[in-house]
Every structure is written in structure tokens, then in C-alpha cells.
2 protein chains.
Amino acid sequence: MSLPPAAPESDPPGPGTQTRPGRLQMADIARIAGVSVATVSRALNGSTEVSAATRQRITELARSLNYTINISAKNLRLRHNRTVAVVIPYDRQTRLHVSDPFFLSMLGSLADALTDRGYDMLVSRIDADQLENASLSYDSGTALGIILIGQWHSHDQLNRLADQGVPLVVWGAQLPQQRYCSVGGDNLGGGRLATRHLIERGCRRFVFLGDPTTPESALRLRGHQHELAEAGLEPEACRVLAVGFDAARARTEVGRLLEQGVDFDAVVACSDVLATAVVPVLRLHGREVPRDVAVVGYDDIEWASHADPPLTTVRQPVARAGIEMVEALLERVAGRDAPPRTLPVELVVRQSSMR
Amino acid sequence: MSLPPAAPESDPPGPGTQTRPGRLQMADIARIAGVSVATVSRALNGSTEVSAATRQRITELARSLNYTINISAKNLRLRHNRTVAVVIPYDRQTRLHVSDPFFLSMLGSLADALTDRGYDMLVSRIDADQLENASLSYDSGTALGIILIGQWHSHDQLNRLADQGVPLVVWGAQLPQQRYCSVGGDNLGGGRLATRHLIERGCRRFVFLGDPTTPESALRLRGHQHELAEAGLEPEACRVLAVGFDAARARTEVGRLLEQGVDFDAVVACSDVLATAVVPVLRLHGREVPRDVAVVGYDDIEWASHADPPLTTVRQPVARAGIEMVEALLERVAGRDAPPRTLPVELVVRQSSMR
DNA sequence: ATGAAAGCGCTAACAT
DNA sequence: ATGTTAGCGCTTTCAT
């Protein structure tokens, strides 16, 4: 047989997960180049200890043979890890969370931020009711830290993870008694911006769409109520519809409200999806947007500007968010403290509120 | 969405990347338990060779000490790898592709399919013009194979990758001379379904929105033209607007058409985003949807049913797609042949076409 | 400038 | 049932 000398014992290449057999390794390159593995290693890592000539020769040889290094071995030896786990919670019932374009675009933003810094992004989904499992890929040594997109109702579990020393960054609101690092938009400010704008446009009777049991929506609602009070409006000026992030449910609830003859002239939604979903229902009941009812969304997903009418919304700085979360995580991994970060949001005025 | 990734910095091997020091390892557990590492290994892996008593004792000890195994070491030893790389191309100019909800939901579907099978999903973004770089994480030994979401214009590069032996599955059209495995919707059939339906609704003058230079759109267009011919219509009955996947551009082009006085009674779009984006422009020019112009989209993203009017569209089986791609990839990884797969699509009729 | 050799944390023969 | 031992593929002293 013309196998390479010192051929490994016949290792029956098992099913699926086996590393491809006969894969070139450093020893092969070394043998072919007539040098030692040490030299190959140094050459491939651009060490100046090898002569420029051999370095080039080896580099080219490796390239031409399509050799690539084994990361597991390298990581083991170096005790390194450059993988970050990004965990996306999903709602067991609706599964809606992850299909919301906002969270998906956050994923893109994180992918960019991590790629730029030379980190790998490992994505996993997890039941939103069991966020304590989020640390799995950290525990198993696969990832050096966890970025969680959405804190939901899991404040306590997340605190527990942090207490266990899991490097953890969560997209969400900054809460009291918080021992993990959160990065989030300025929800209070966002709620205020949207509401103030609507009040300025003459709106007086509001419908609030969201999930006030989650910290983010709760803060937005507080911002909303704050502005109401500031304008001298009664709290009853706002009717809160707890529809979660479920567009279908938002339509049903708003439809019911209209059938009941409840009157309102503004909708404040906790996502652009909710906001745009509700427009056709309003039309169906003879309410023109923005003439009769002004609508403001949240997130400024790409879609918002193409909606009909183009949607006024509170823009969350997605690209910035990815960068901030990654930076915060790397701080935590380095053992340094990473204070929560609140990112500024911005009102983008389009037609849906211009009455 | 986020900014295009800057050129990856030559990684500053900052502190952050070091495996946490003082991390427990098997030897520690062994010492504390008063057994050998081999026994610990066996116990933790549930081998029946260790007595049930010690197995339980060790398992509990490890748990209580918060010990977790080092995956790199395990993988190295086992010559295993359970990581699949999912690569999302982005268009350097528009960056629209990846922000299209369809591709993002595909990501979710893949995450599910991989998680179910115990594989990790590594996500990276890559310039659509340089798909040959898609194999990076395979080359580096990080991933056992590559799933690429979208083939774009890169047929040749993909063939080259396949020739190099990279286990590769691509979401896209099945092409002649194809040496990689593709999984895709039935684009020809989808184009036919949409068109036949519109013809049945009495439409005779069509606008086709898409990027006919990509295989997928090209097939849909062929399906479209096929049905036109079948119905005895001239090829001129269809005006093709090559707008890519760019919603803004679609609006501009359709607006221009209307201003030129070009008349048409149907729009066939290659994505739901394009289809819904165009509706407001039609309205602006006094065309009611569906009364004056019927509109059909493609993909059936969640959003489609909430659009105004609810969008008739060709549904792509996203959940199925994730499963099929993963299965095909595992076949390739196992060294077996994986023929291209074409998944059935389905017309979902909603209001936008009911005239 | 290059090589020999040790060992990263784990698993699996092969003992016992 | 448990321990001993030999590596997995790499990097890095320490020699030469």
C-alpha cells in the first residue's frame, strides 16, 4: 500500500460525524516538505524564526495541498476559544419571537460584530421558559460566553447564571438587582418619544399594544404614561392591550375594541409588526390612518418604510447593539466588570402619524 | 440591518480569548472522587462498565462542582465534529438579501433542524461576490460541512468548492452541470402557479419583478412565460423589471412605468417584500389592488397575511427546507451522494389577487 | 534556523 | 469494575 508512512491504524470512518478520513495534517506537510512539524507550525504561523525561504515554500505547499489546520487541536494546545454562543429564545406556543424581523436582524448585526473581531458565532434556540439552559454551550466548553437575545420573564434565572460565573450579556432592559450585563434600547425614552409626538399631533385617546409583563414593554408603557401625565391627560386615556408580540392577536383585540365602539385616535405599538398588522383592521372599520387614527411602531425594521402608510416608529440602533453586546461580553470574559448599557433610540416620523 | 462587515481585523489575540483559568477538569474530579480519570470519563459518558454507585457519585460530584467537559479535547480525541457552518451571503451594495425575512426565517429553520439532531450551528456572513470563501470554516476544521443560503451567481465557484471535496449544500435552483448539492423550491412550478392563477383571474398584461440573472428568479420567469404561451399570450404580455431584491428600486421602477402610461393588470414578484412594497405606489397612481392590478408575491413570509391587502403568494416550505438541507449535508459528510432536492411549493390565495 | 520532545484534556484499548 | 497507558494534532520550550 502506498499510504503515507506511519499510516494510522485502520480507523473505520464511522457515521456522519467522523472527521473526514485521510485528512492532511501537519505531519504530512512536514514529511513532504522534508522538515519537522515544528517548522511547519512556525512557518504557517508566520514566525520569523524560520527562514523566509522555507516559510514561503511551506506556505505555498500547504496552500496547494489544500491543507487546513485542525482547530480543536490548536485550541486545546493554546487553551483558546474564539466561539461566542448567541441564544435566541422562542416562545413555545407562538414561536413568534424569533420570526420577528427585529430579532433576526439583531442576529445579523451580531454576526457582523463577531466576524469583525475574529470570533465565531454559534447560534442556538431555546425555550423562552427555560432560559437557564442558555449556558449549555458555555458549560460544555464550546463557547467562551453567551449572548442572549431577549430577557423575557427570566430575570431571576439570568441572575443565577451570572452568579455561576457564566459570561453573559442579555439584550433587554436594565433592571434593579441585576447581576448580569444587559444591553438595550432606551425603552422609557422610546415610549416617551412616541407618545409626545402623538400628543403633539393632537391625539388624546390611546391604545397601547405590547406585552407589559416583559421588562422592555413595561418600560415603554411607563414612558407612555409619563408623557400622558405630563400633558395633563388621565391614565384612562390609554387602553392597554396585552397582545404579546402576536400580530394576529393584536388584530383580533383591536377589532374587538372597534366593534365595542371604543373610540381612540392613536395606537402605540411595541413592534413594527404589531403596528402594521393593525392598520388593515382600522381601515376595515372605516378608520383612515393617519387621519382618524395615528399609528406609531417600534424598532424601525427595514419593512417599516415600505408599509402603507410608511410607518412612524422608534428606531432601535441594531448595528450599534451588536457591537455593544460583543464588547460587553468580551469584557466579562476577560473577567472585567461590564456595566449595563442603554442605547439611545430615535423617533422616525413617517406618514402613519401625520394627521 | 447592520453595516457590511469590515475587513476582518488581524485578530488581536487579546486577553478575552483565553480559556478561563482554573477551570475544573477531569483530573480534578478524579482526584476529589478518589478514582482515575478513566473512571470519571466512563461515568460521565454513562458507560455501564462502571458500577452504578460510582457512576452516580461521580455524576453528582461533577454537577455540584459545576464541571463541564472540554469539547475541543473531546473532539480531538474522538476525531469528531458536530458543528455545521451556515453561511449567509450579503450583497455588498444593497445588503438586502440577508435582511429579507425569508432568508432570516430559513436561518431559524436550520437552527431547529440542527439542534434537533444535536449539531451546533455556526453562522457567518460573507460577500455574495466571494462565495468561494464560504468554505473557510470547513477548511479551518471548525465545521464538518457548509450550508449556504443562496447560490446567487456563483455556480462556478460552488462547483469548484465541491470539487475540492467540501461537503456543501446550497439553497437554490438545480442547475445543469451541478456538482454540489442544492436544495430549493420548485421555482419553475412556482412561476407557473402564480401566473396561471392570475390568468384565471383575467389578467393579461404582466409586470415581473425579480433578478432574472439569478437561477431561482430565472426559473420563475420561465415558468411565468411558459404559462403565458400556454394561454396563447404573446411574450410581450410580460414586462420584466430587473430590480434584484431591492424594494426601493422596485417602487421606483414601477412608479416610472406608471408615469410612462404603461398599462398592466398584474404584478408577479419574486419575493413578498417586493410585492408588498409596490402596492402603495400603485395606489398613489390611482390603481386599486386587486381591482385594477392583481399582485402575487413569493415565499409566504409570515408578514404576507398581515399585509394590506393580504398577499397572495407562492409558499416556500421553510421548515421542510431546513430539515432537507441538514439531511443532505449529513449525507455528503458521510461520503455518500446527495442528489439535489426540489421541494414542492404551493399557491396561497389571499385578497391581493382576487379581482 | 531547525528539530526533538513534552503536553493541552480527553477517550479507549488493554491490562488487572 | 477500575487503573494504566497511549495517543488525537497541534504549539512551544529547549537543544542543537
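Proteins get letters first, then strands, A, B, ... in listed order; numbering begins at 1 in each. In this text the structure is predicted, and so the values were computed from the model without any measurement.
Inspection of the Tyr67(A) and Gln25(A) side chains reveals no N or O donor paired with an N or O acceptor under 3.5 Å.
For the side chain to side chain contact (heavy atoms under 4.5 Å, CB included) criterion with Leu114(A), the lone passing option out of Ile323(A), Val326(A), Thr83(A) is Val326(A). A side chain to side chain contact (heavy atoms under 4.5 Å, CB included) with Ile149(A) is found for exactly one of Val169(A), Val123(A), Val87(A), Leu107(A), namely Leu107(A).
Salt-bridge check for Asp28(B) with Arg31(B): passed, with a basic side-chain N closer than 4.0 Å to an acidic carboxylate O.
Residue Gln130(B) qualifies as enclosed at atom CD: its count of foreign heavy atoms under 6.0 Å is above 12. More than 12 heavy atoms of other residues, nucleotides or ligands sit less than 6.0 Å from atom CD of Gln164(B).
Two residues are said to be in side-chain contact when any heavy atoms from C-beta on lie closer than 4.5 Å; Gln157(B) and Arg160(B) meet this criterion. Inter-residue side-chain proximity for Met121(A) and Leu122(B) is flagged as unmet; no heavy-atom pair is nearer than 4.5 Å.
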Practice prompt. Sugar-phosphate atoms are those with a prime plus P, OP1 and OP2; base atoms are the rest. Using that split, label each nucleotide of nucleotides 11-16 of chain D B, S or - for protein heavy atoms under 4.0 Å, 5' to 3'.
Written response: BBB---
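Spacing between atom CG of Leu76(B) and atom C1' of dG7(D) amounts to 9 Å, rounded to whole angstrom units.
Along DNA chain C, read 5' to 3', the first and last nucleotides having any atom under 4.0 Å from a heavy atom of chain A are dA1(C) to dG9(C).
Ser36(B) comes within 4.0 angstrom of a base, heavy atoms only.
Phosphate contact (OP1/OP2 of dG9(D), side-chain N/O of Ser72(A), threshold under 4.0 Å): absent.
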